[in-house]
*Asks:* 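Have a look at this one.
Residue numbers run from 1 in the order of the sequence given. Every heavy atom of this structure was used, including side-chain atoms; hydrogens, water molecules and symmetry mates were not.
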Amino acid sequence: ECTSGLFYSNTYAGGTGNVELEVMTGISQSVLHEGDTLTTLSDNVYSRLPTMASVFKSHGYQNIFLHSHTPELYNRETIYREFGFDEILFADSFPEDAERRGGFISDHAFAQKIISLYEENSGQPLFLSAVSVENHQPYNDDKFAVKTDLGITSTVLSEGTLEAVQNYAVGLRDADSSLEELTDYFSQQDRPVMLIFFGDHLPNLSSGSYRNAYYETGYIPSADSADLSGEDMLRLLSTDYLIWTNYEESAAPDKNTSATLLGLDIMKRLGFRLSGYFRWLDENVAPEMTIRASRLFVDGQGNIFDHTPEEKYDMLERYTAVVQDII
């Protein structure tokens, strides 16, 4: 019932805001100046960046950003205001009695807030960019006061790491339930709705030092990222995504995508008239690059490298020049 695949993130175990902004702008963090991140540029730069929001706005959409935590991290309030969002909402926009799970506003309350915003803005097209927080780290034993035994056991994980995995799984189950709430609700609506659901990065399932679930289970061959190949790095940077609609007779074919290209994929699927930058990205970068990160390059055909191939240097130089000119 949906299009799904791997989502190649630009980070592992942290850095949510930078994933958000790469999806929103189609700007790979790898083409910024060394030491820069997408969330730490000068404030006056953000109004100049190309964004999905500006494309939606050009098609008559109301733009709302929702985060079920505080505005303290990643300069979100300033950045999304500069992006031209009409409303920027945080935890204080939720009811005082909103359910809390894992120390944060629950994903159930988050789904209900999304539905209420949809109903409040029924008079015009709505682009809602929403970031949940219930299943955020740390995954220590007291994260969830009431846990359902999901039957997760292991003979290879250390005690602390298994505890982190068990807690993460509870939050994952809750996130899955919130997705069910949204699809159940929107499947009953007459207005066309597209729902994009993706994980920003793999969780930090660690009990400290070099002990982590990925190494202990053999998902990666070394706990030191410097020892990892391009394929190993891609495993650490891969989550899942899906695109569901209530109006298409059948889903588009499954495909893998990335933080760099997901926004472009969405706008193309909607049949939007793209801005000049996103047209350029579609024609010049997307055919040659899916993701570029530290010791990783995945080309447009899905081939994996632990460095940028020489034949991609020209494309990367042009991409960098375009982004630096905008900034």
*Asks:* So, does Y139 use its side chain to make a donor-acceptor pair with the main chain of G171 at under 3.5 Å?
*Replies:* no

*Asks:* Give the cluster check for I114 versus I243: same hydrophobic cluster or not, with ILVMFWY residues linked at side-chain heavy-atom distances below 4.5 Å.
*Replies:* no

*Asks:* For E310, I'd like to know if atom CD has over 12 heavy atoms of other residues, nucleotides or ligands within 6.0 Å.
*Replies:* no

*Asks:* Between S93 (side chain only) and L89 (backbone N and O only), is there a donor and an acceptor less than 3.5 Å apart?
*Replies:* no

*Asks:* For D200, which residues count as a salt bridge (Lys or Arg N to Asp or Glu O under 4.0 Å) partner, sequence neighbours excluded?
*Replies:* none

*Asks:* Give a yes or no on whether F85 and L126 share a hydrophobic cluster (residues Ile, Leu, Val, Met, Phe, Trp, Tyr; joining criterion: side-chain heavy atoms under 4.5 Å apart).
*Replies:* no

*Asks:* Taking all non-hydrogen atoms of both residues into account, name the closest pair between S68 and S132 and its distance.
*Replies:* OG-CA, 3.6 Å

*Asks:* Would one find more than 12 heavy atoms of other residues, nucleotides or ligands at under 6.0 Å from atom CG of D227?
*Replies:* yes

*Asks:* Would you mind reporting whether E77 and F90 have side-chain heavy atoms less than 4.5 Å apart?
*Replies:* yes

*Asks:* Carefully, step by step, assess R269 and T3 under the rule side chain to side chain donor-acceptor pair (under 3.5 Å).
*Replies:* CA-CA 11 Å; R269 181 154 168 180; T3 301; 2.9 Å; yes

*Asks:* State whether the side chain of N284 and the backbone N or O of M315 hold a donor-acceptor pair below 3.5 Å, judged by distance alone.
*Replies:* no

*Asks:* Taking atom CD of E1 and atom OG of S250, what is their separation to the nearest 0.5 Å?
*Replies:* 12.0 Å

*Asks:* Just how far is it from atom CG of D107 to atom CG of D176, taken to the nearest 0.5 Å?
*Replies:* 10.5 Å

*Asks:* Under 4.5 Å between side-chain heavy atoms, hopping through other hydrophobics if needed: is there a path connecting M24 to L195?
*Replies:* no

*Asks:* I would like to know whether L66 and F110 meet side-chain contact (heavy atoms from CB on, under 4.5 Å); could you show each step before the answer?
*Replies:* CA-CA 9 Å; L66 171 68; F110 180 70; 4.0 Å; yes

*Asks:* Could you walk me through whether F186 and Y118 satisfy the ring pair (Phe, Tyr, Trp, His ring centres under 6.0 Å) test, starting with their C-alpha distance in whole Å, then the side-chain angles of each, then the deciding distance to 0.1 Å, before giving a yes or no?
*Replies:* CA-CA 10 Å; F186 287 120; Y118 168 82; 5.0 Å; yes

*Asks:* Decide whether V193 and F198 are clustered together by the hydrophobic rule: side chain heavy atoms of Ile, Leu, Val, Met, Phe, Trp, Tyr closer than 4.5 Å, transitively.
*Replies:* no

*Asks:* Enumerate the side-chain hydrogen bond (donor to acceptor under 3.5 Å, both in side chains) contacts for residues 316-327, please, sequence neighbours excluded, ordered by first and then second residue.
*Replies:* H33-Q324

*Asks:* Going by the rule salt bridge (Lys or Arg N to Asp or Glu O under 4.0 Å), which residues pair with R235 if we only count those two or more places apart in sequence or in a different chain?
*Replies:* D232

*Asks:* Rounded to the nearest 0.5 Å, what separation is found between the OG atom of S9 and the CD atom of Q29?
*Replies:* 9.5 Å

*Asks:* Give the intermediate values and the outcome of salt bridge (charged side-chain N to carboxylate O under 4.0 Å, His left out) for residues E82 and R48.
*Replies:* CA-CA 8 Å; E82 290 294 306; R48 299 201 297 270; over 6 Å; no

*Asks:* I'd like to know if the side chain of S4 reaches the main chain of L242, judged simply by a donor and an acceptor atom lying under 3.5 Å from each other, with no hydrogens or angles considered.
*Replies:* no

*Asks:* Give a yes or no on whether E99 atom CD has more than 12 heavy-atom contacts from other residues, nucleotides or ligands under 6.0 Å away.
*Replies:* yes

*Asks:* Classify the side-chain pair T257/D265 by whether it contains a donor and acceptor separated by less than 3.5 Å.
*Replies:* yes

*Asks:* Is the Y214 to Y12 ring centre distance short of 6.0 Å?
*Replies:* yes

*Asks:* Tell me if the centroids of the rings in F56 and Y61 come within less than 6.0 Å of each other.
*Replies:* yes

*Asks:* Under a plain distance cut-off of 3.5 Å, with no hydrogens placed, do N135 and N167 share a side-chain donor-acceptor pair?
*Replies:* no

*Asks:* Given 3.5 Å as the limit, does a donor-acceptor pair link the side chain of S187 with the main chain of D184, or not?
*Replies:* yes

*Asks:* Could you work out the complete set of other residues in the hydrophobic cluster of F104, with links drawn between I, L, V, M, F, W and Y side chains under 4.5 Å apart?
*Replies:* V133

*Asks:* Could you go step by step and tell me if D282 and K268 meet the salt bridge (charged side-chain N to carboxylate O under 4.0 Å, His left out) rule?
*Replies:* CA-CA 9 Å; D282 185 37; K268 288 175 62 179; 2.9 Å; yes

*Asks:* If you measure from NE2 on H67 to OH on Y74, what distance do you get to the nearest 0.5 Å?
*Replies:* 9.0 Å

*Asks:* How far apart are the C-alpha atoms of S106 and E134, what are their side-chain angles, what is the distance that settles it, and do they pass the side chain to side chain donor-acceptor pair (under 3.5 Å) test?
*Replies:* CA-CA 5 Å; S106 73; E134 177 191 323; 4.8 Å; no

*Asks:* Is T290 reaching over with its side chain to a backbone N or O of A286, donor-acceptor style, under 3.5 angstrom?
*Replies:* no

*Asks:* Got I327 and L49 here, is their nearest side-chain heavy-atom distance under 4.5 Å?
*Replies:* yes

*Asks:* Nearest 0.5 Å, what's the CG-CD1 distance between L6 and I291?
*Replies:* 12.0 Å

*Asks:* Kindly write out the residues that satisfy ring pair (Phe, Tyr, Trp, His ring centres under 6.0 Å) with F65, not counting sequence neighbours, or none if the list is empty.
*Replies:* Y80

*Asks:* For D190, is there any backbone N or O sitting under 3.5 Å from a side-chain donor or acceptor partner on N246?
*Replies:* no

*Asks:* With a 4.5 Å limit on heavy-atom distance, are the side chains of I88 and R76 in contact?
*Replies:* no

*Asks:* With a 4.5 Å cut-off on side-chain heavy atoms, are N256 and Y8 touching?
*Replies:* yes

*Asks:* At what distance, to the nearest 0.5 angstrom, does CG of L21 lie from CD1 of I27?
*Replies:* 9.0 Å

*Asks:* Determine whether Y185 and E119 satisfy the following criterion, side chain to side chain donor-acceptor pair (under 3.5 Å), listing intermediate values before the conclusion.
*Replies:* CA-CA 11 Å; Y185 174 81; E119 292 177 344; 2.7 Å; yes

*Asks:* How close do L228 and L236 get, heavy atom to heavy atom, and via which atoms?
*Replies:* CD1-CD1, 3.6 Å

*Asks:* Verify side-chain contact (heavy atoms from CB on, under 4.5 Å) between L38 and L32, making sure each step is shown before the conclusion.
*Replies:* CA-CA 8 Å; L38 285 167; L32 300 180; 4.0 Å; yes

*Asks:* Taking side chain as C-beta onward, heavy atoms only, is N10 less than 4.5 Å from L237?
*Replies:* no

*Asks:* Without swapping roles, check the side chain of K143 against the backbone of H136 for a donor-acceptor pair under 3.5 Å.
*Replies:* yes

*Asks:* Which pairs would a plain distance check flag for residues 292-300, meaning a side-chain donor or acceptor within less than 3.5 Å of a matching protein atom at least two apart in sequence or in another chain?
*Replies:*
unit_1	atom_1	unit_2	atom_2	d
R292	NE	T308	OG1	2.9
R292	NH1	S30	O	3.2
R292	NH1	S30	OG	3.3
R295	NH2	S225	O	2.8
D299	OD1	Q301	N	2.9
D299	OD1	G302	N	3.0
D299	OD1	N303	N	2.8
D299	OD2	N303	ND2	3.0

*Asks:* Could you check F272 against H59 for ring pair (Phe, Tyr, Trp, His ring centres under 6.0 Å), going step by step and ending with a plain yes or no?
*Replies:* CA-CA 8 Å; F272 278 4; H59 286 80; 4.2 Å; yes

*Asks:* Do the non-hydrogen side-chain atoms of P192 and T245 ever get within less than 4.5 Å of each other?
*Replies:* no

*Asks:* Same hydrophobic cluster for V322 and M267, using side-chain heavy-atom links shorter than 4.5 Å among ILVMFWY?
*Replies:* yes

*Asks:* If you apply the rule side chain to side chain donor-acceptor pair (under 3.5 Å), what do you find for N75 with T39, and how did you get there?
*Replies:* CA-CA 7 Å; N75 198 24; T39 58; over 6 Å; no

*Asks:* Answer yes or no: is there a donor N or O on one side and an acceptor on the other, between the side chain of T217 and the main chain of A213, under 3.5 Å?
*Replies:* yes

